[in-house]
Asks: 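The following block contains the structure, expressed as structure tokens.
Numbers for residues simply follow the sequence, beginning at 1.
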Amino acid sequence: MGYSKGKRVSAAVGVTLVLVSASGGTSVMNAIVPFLLEGMQVNLTTFMIGPTVATILSFAMSAIGVKIIDIISPKWCMLIGSVCSALTMYMVGTATSFVFWIIANILNGIVLAFATYAAAGGVIAVFYGESTQKAFGVVGGMTALLVAAWMAATSGLLHIMPYSQLFTIYAVGIVVVGVFCNLVLIGKVPRRKAASKAQPAAGAEQGDAAAQDLPGYTFGETLKKGASIYFFLIAMFLVAWCASGITSYASVYYTSFGMAATTAAAMLSLYSFAAAFLKLASGFILKKIGAKAMSIVIYLGFAAGIVCLLVWSQTQLFPLAIAGIVLCAFISYATMIPGLFVPDLYGMKDYTGINSAGVAGYYAGAVTVLFGLSIVIGFLGYFNAFVVLAVAALVTMAFMLAAVATSPMRGMKGKE
């Protein structure tokens with residue numbers, strides 16, 4: 001691979017810290033929602049327009065994310081993400097008007113679109129090659145652990161200082177971390193055209209030549225190689241409903257059936273830590289059991305968790321409330337699925353491009369779930385809405401298994 005172990009570890013640490021400081025900021029901002037509602041003097045429905053704008057922008061930009069990442073490079077996309085995240089953090093912390101809130105969410109949409117996991121996967125792929133899945137899993141797991149710790153620390157710090165002051169400090173810290181990680185820990189990353197555009201030429205850099213030899217297909221080629229990529233993108237669309245549904249509505253589900261708000265908040269913390277440990281082991285699990293078996297584990301695990309929550313709501317058996325939220329944490333793999341599954345399903349030839357397409361599929365689903373699930377809850381109630389989530393997980397599993405079964409890489413490996 002041409003890189004020393006120390007350099008690869010340094011790059012992985014850099015990517016992890018950038019992901020924590022940039023994408024993790026979105027999670028941390030959720031801790032001050034009550035303060036923001038009071039400061040802006042808006043109701044929750046109006047407030048949700050901001051995240052909806054961010055999600056729509058994320059989807060729109062994810063659709064062209066591969067081109068942006070190709071032009072700017074994954075590394076510089078992550079640095080841009082750090083700067084945008086810092087500006088978002090500062091604007092959210094000082095937001096006293098709804099206009100500022102919308103502008104902050106526009107910036108956050110840019111961060112989520114192409115400056116987080118899609119770009120991170122591109123950097124990791126350069127340094128780790130065929131070991132990308134394991135490395136990406138470790139990076140995702142450590143990111144989740146550090147974000148969970150950051151959220152816990154934020155809850156404590158909000159008791160001793162105003163959120164506007166705290167988030168200004170966070171904004172400065174994000175810029176410092178982003179610059180240091182990109183320029184020092186990650187360092188120089190060879191620029192490489194996306195596989196779909198690269199053309200062999202005399203005197204091409206070694207990285208470009210190596211890209212031509214990587215097994216697999218470009219995103220454009222997968223569109224002509226059967227139904228696999230279409231099944232994959234549909235599955236990514238649907239999994240957004242499961243993932244966003246549990247993180248957005250678990251706390252109100254718990255309280256609607258009599259659980260104290262403080263206990264419900266603790267349940268979400270338990271979800272965060274369970275998700276972090278699961279992500280940490282994701283790359284190793286995938287290598288051991290493969291994409292097909294891991295798909296079954298992810299979606300059946302989530303569905304089993306929902307069943308536990310449904311039974312808890314009728315019996316009030318507290319262990320079921322705990323088991324349910326822990327099992328639901330399997331769906332936290334949602335945003336990591338493209339980065340983990342792409343090598344097995346479509347190869348490494350256009351890893352960043354197909355990864356970006358998968359992320360775009362996810363955000364397309366996320367655009368609809370914010371208000372879509374609230375409408376379902378309005379008509380069916382929380383219990384039946386969670387039944388819908390369990391069914392959605394099973395349907396998503398069927399599409400993902402179909403994507404695995406029809407993967408063009410199966411035919412390529414069969415010819416070798």
Asks: Going by the ring-ring contact (aromatic ring centres under 6.0 Å, His included) test, name the single residue among W150, Y163, Y90 that passes it with Y170.
Replies: W150
Asks: For L185, is there any backbone N or O sitting under 3.5 Å from a side-chain donor or acceptor partner on S10?
Replies: yes
Asks: What is the minimum heavy-atom distance between S85 and S21, and which atoms define it?
Replies: OG-O, 3.5 Å
Asks: Quick check: does any side chain N or O of Q316 sit under 3.5 Å from a backbone N or O of F257, one acting as donor and the other as acceptor?
Replies: yes
Asks: For K5, what residues pass the side-chain contact (heavy atoms from CB on, under 4.5 Å) criterion, not counting sequence neighbours?
Replies: R8, V9
Asks: Using the rule given for side-chain contact (heavy atoms from CB on, under 4.5 Å), can you reason through I186 versus F127, listing the C-alpha separation, both sets of side-chain angles and the distance that settles it, and then say yes or no?
Replies: CA-CA 10 Å; I186 298 174; F127 288 96; 4.2 Å; yes
Asks: Please walk me through it: do F219 and L223 pass side-chain contact (heavy atoms from CB on, under 4.5 Å)?
Replies: CA-CA 7 Å; F219 178 64; L223 297 175; 4.0 Å; yes
Asks: Donor-acceptor check, side chain of S256 to backbone of Y253, threshold 3.5 angstrom: yes or no?
Replies: yes
Asks: Grab the two heavy atoms, one from C181 and one from V18, that are nearest each other, plus how far apart they are.
Replies: CB-CG2, 3.5 Å
Asks: Which residue in the set L146, V138, I124, L145 passes side chain to side chain contact (heavy atoms under 4.5 Å, CB included) when paired with T16?
Replies: L146
Asks: Please assess T396 against W241 for the test side chain to side chain donor-acceptor pair (under 3.5 Å), listing each intermediate value before the final yes or no.
Replies: CA-CA 10 Å; T396 305; W241 273 70; over 6 Å; no
Asks: Calculate, to the nearest 0.5 Å, the distance between atoms CG and CD1 belonging to L107 and I102 respectively.
Replies: 11.5 Å
Asks: To the nearest 0.5 Å, what is the distance between CD1 (I234) and OH (Y230)?
Replies: 10.5 Å
Asks: To the nearest 0.5 Å, tell me how far T168 OG1 sits from M91 CE.
Replies: 12.0 Å
Asks: Counting only pairs under 3.5 Å, give me each side-chain donor-acceptor contact of residues 294-312, with atom names and distances, residues two or more places apart or in other chains.
Replies:
| residue | atom | partner | partner atom | Å |
| --- | --- | --- | --- | --- |
| S295 | OG | A291 | O | 2.8 |

Asks: Considering non-hydrogen atoms only, spot the tightest contact between A86 and V175 and give its length.
Replies: CB-CG2, 3.3 Å
Asks: Report yes or no: does Y128 contribute a side-chain atom to a donor-acceptor pair with the main-chain N or O of V123 at less than 3.5 Å?
Replies: no
Asks: Can you tell me how far CG of L320 sits from OG1 of T315, rounded to the nearest 0.5 angstrom?
Replies: 5.0 Å
Asks: Please assess I246 against Y271 for the test side-chain contact (heavy atoms from CB on, under 4.5 Å), listing each intermediate value before the final yes or no.
Replies: CA-CA 10 Å; I246 193 65; Y271 174 92; 3.8 Å; yes
Asks: Please report the shortest heavy-atom distance between T143 and V139, naming the atom on each side.
Replies: OG1-O, 2.7 Å
Asks: Going from CE on M409 to CE on M348, what distance comes out if it is rounded to the nearest 0.5 angstrom?
Replies: 10.5 Å
Asks: So does M400 get a backbone contact from the side chain of K292, meaning a donor-acceptor N/O pair under 3.5 Å?
Replies: no
Asks: Output, in order, the C-alpha distance, side-chain angles, deciding distance and verdict of side-chain contact (heavy atoms from CB on, under 4.5 Å) for M161 and I169.
Replies: CA-CA 11 Å; M161 69 173 68; I169 294 172; 4.2 Å; yes
Asks: What closest approach, in Å, do T255 and V252 show between heavy atoms, and which atom pair accounts for it?
Replies: OG1-O, 3.1 Å
Asks: In Å and rounded to the nearest 0.5 Å, what is the CE to CD1 distance from M267 to I325?
Replies: 8.0 Å
Asks: Which pair of heavy atoms, one from C242 and one from I331, lies closest together, and at what distance?
Replies: CB-CG1, 3.7 Å
Asks: Anything under 30° is parallel, anything over 60° is perpendicular, the rest tilted; go ahead and classify F399 against F231.
Replies: tilted
Asks: Between Y346 and S228, is there a side-chain donor-acceptor contact under 3.5 Å, judged purely by atom types and distance?
Replies: yes
Asks: Which pairs of donor and acceptor atoms, one on a side chain in residues 384-395, lie under 3.5 Å apart (sequence neighbours left out)?
Replies:
| residue | atom | partner | partner atom | Å |
| --- | --- | --- | --- | --- |
| N384 | ND2 | L380 | O | 3.2 |

